[in-house]
Participant: 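I'd like to ask some things about the structure below.
Atoms considered below: every heavy atom in the structure, side chains included; atoms not considered: hydrogens, waters and symmetry mates.
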2 protein chains.
Amino acid sequence: MKATPVRLKVLEVLSATHLALSPSELEASFSKVDRITLYRTLKDFEEAGMIHKIIDTDGVTRFAFCNDDCPDATHTEDHVHFNCKKCHKMFCLAHVQTPSLQLPDGFSSTGINTVVHGVCKHCA
Amino acid sequence: MKATPVRLKVLEVLSATHLALSPSELEASFSKVDRITLYRTLKDFEEAGMIHKIIDTDGVTRFAFCNDDCPDATHTEDHVHFNCKKCHKMFCLAHVQTPSLQLPDGFSSTGINTVVHGVCKHCA
DNA sequence: ATAATAAACGCAACATTGTTGCATTTGAAT
DNA sequence: ATTCAAATGCAACAATGTTGCGTTTATTAT
Ligand SMILES: [Mn+2]
Ligand SMILES: [Mn+2]
Ligand SMILES: [Zn+2]
Ligand SMILES: [Zn+2]
């Protein structure tokens, strides 16, 4: 993977926050970047396990940086995400682990996505 | 709310399954129904608390029937949903309650969305 | 049964999100 | 400096969802 300006910018923004950002938000944060290139960059980073995708309560796709202790395979599902109903931001709660649960007979789980909906620290 | 053919059809299909269906799946299941009317029907039903919306692992919006003991306000978040990675169906696990969890200071929850990803009973 | 009316419908038109093909540019290795 | 695969940017497209508006229909009152 080559170190290009677009990739460096995306990494810089995502690594500096605990928020999960949408492609449109990222596109707005730095002008001059082509929409299609951004989508491809995000897909490449995701496949490389550097960021993870998470869909918020409104169905908006968002991406967040994976910290070092993030297990490659299921990085999305190891921690809880929080979606604020006021500011609409999506927080990675890296220290809140996904709770386990009991499934009906015959169903087997490979990951759990937990999105909490409510009011965040800053909007309280 | 008037009893119209479109509404009756949608209710009939949704009330006969425990699956959460997408607008496209519903549209396919009965031809002759206008796409826009279907969207409006689903929105009306949702606002009336008759069905609930849930977004699957792939970001696809889906709707499922609310059973009688479904509390009006947070009907989406009271039970767990299961998304099969093989058949891509989304099951309402009406009898598996959403687990509670401990949020960081300052964050308050009004609902939790839990989507389990894995292999379903029929694809096992 | 008929008429009145508010609600629901269906169409066109549009916005947003995401993908693919292809010609051009560029990062990095030789 | 040369080379070449990888990355970019543009056009074109598909899927999903929304809004405005004129027409039709289900229900209510006559
Ligand atoms: Mn996260
Ligand atoms: Mn459900
Ligand atoms: Zn907030
Ligand atoms: Zn299945």
Participant: Let's test your reading of the model: under 3.5 Å, does the base of D:dG17 pair with the side chain of B:R40 as donor and acceptor?
Facilitator: no

Participant: Please check if the side chain of B:N83 supplies one atom and the backbone of B:T57 the other of a donor-acceptor pair under 3.5 Å.
Facilitator: yes

Participant: For the residue pair B:H122 and B:F91, categorise the inter-ring angle as parallel (less than 30°), tilted (30 to 60°) or perpendicular (more than 60°).
Facilitator: parallel

Participant: Could you give the distance from CZ (A:R62) to CG (A:L14), rounded to the nearest 0.5 Å?
Facilitator: 11.5 Å

Participant: In whole Å, I'd like the distance from the CG atom of B:L8 to the P atom of D:dA26.
Facilitator: 10 Å

Participant: At under 4.0 Å, does any side-chain N or O of B:T41 touch on OP1 or OP2 of C:dA8?
Facilitator: no

Participant: Summarise protein proximity over nucleotides 25-30 of chain C in one line of letters, 5' to 3': B for base, S for sugar-phosphate only, - for none, counting protein heavy atoms closer than 4.0 Å.
Facilitator: -BBS--

Participant: Just how far, in rounded Å, is C1' of C:dA7 from CZ of B:F45?
Facilitator: 14 Å

Participant: Sort out for me which residue in A:H52, A:H117, A:H18 forms a ring-ring contact (aromatic ring centres under 6.0 Å, His included) with A:H81.
Facilitator: A:H52

Participant: Taking CG from A:D58 and C1' from D:dT16, how many angstroms apart are they, rounded to a whole number?
Facilitator: 15 Å

Participant: Figure out the OH/P separation between A:Y39 and C:dT16, and round it to whole Å.
Facilitator: 11 Å

Participant: Closer than 4.0 Å, any side-chain N/O of A:S24 to the OP1 or OP2 of C:dT16?
Facilitator: no

Participant: Distance-only, no hydrogens or angles: does the A:E25 side chain make a donor-acceptor pair with backbone N or O of A:S22 under 3.5 Å?
Facilitator: yes

Participant: How close or far is atom P of D:dA11 from atom CD1 of A:I36, stated in whole angstroms?
Facilitator: 10 Å

Participant: Closest-nucleotide mapping onto DNA chain D: is A:D44 or B:G59 further toward the 5' terminus? I mean the 5' end.
Facilitator: A:D44

Participant: Whole angstroms only, please: what is the NZ-P distance between A:K32 and D:dG9?
Facilitator: 10 Å

Participant: Choosing from D:dC21, C:dT20, D:dT18, which nucleotide comes nearest the side chain of B:R35?
Facilitator: D:dT18

Participant: To the nearest 0.5 Å, what is the distance between CZ on B:R40 and CZ on B:R35?
Facilitator: 11.0 Å

Participant: Would you say B:T61 places a side-chain N or O within less than 4.0 Å of OP1 or OP2 belonging to D:dT16?
Facilitator: no

Participant: For A:R62 and C:dT16, give me the distance from atom CZ to atom P, rounded to whole Å.
Facilitator: 16 Å

Participant: Using heavy atoms to find the nearest nucleotide of DNA chain C for A:V60 and B:R7 separately, return the residue whose nucleotide is more 5′.
Facilitator: B:R7

Participant: Just the rounded figure in Å: distance from P of C:dA8 to CG of B:L42.
Facilitator: 14 Å

Participant: When you get a sec, tell me which of C:dG18, D:dG9, D:dG17 is the closest nucleotide to the side chain of A:D34?
Facilitator: D:dG9

Participant: Would you please confirm or rule out a distance under 4.0 Å between OP1 or OP2 of C:dT19 and any side-chain N or O of A:K43?
Facilitator: yes

Participant: Test of understanding: with side-chain contact (heavy atoms from CB on, under 4.5 Å), list the residues that count as partners of A:K2, not counting sequence neighbours.
Facilitator: A:T4, A:R7

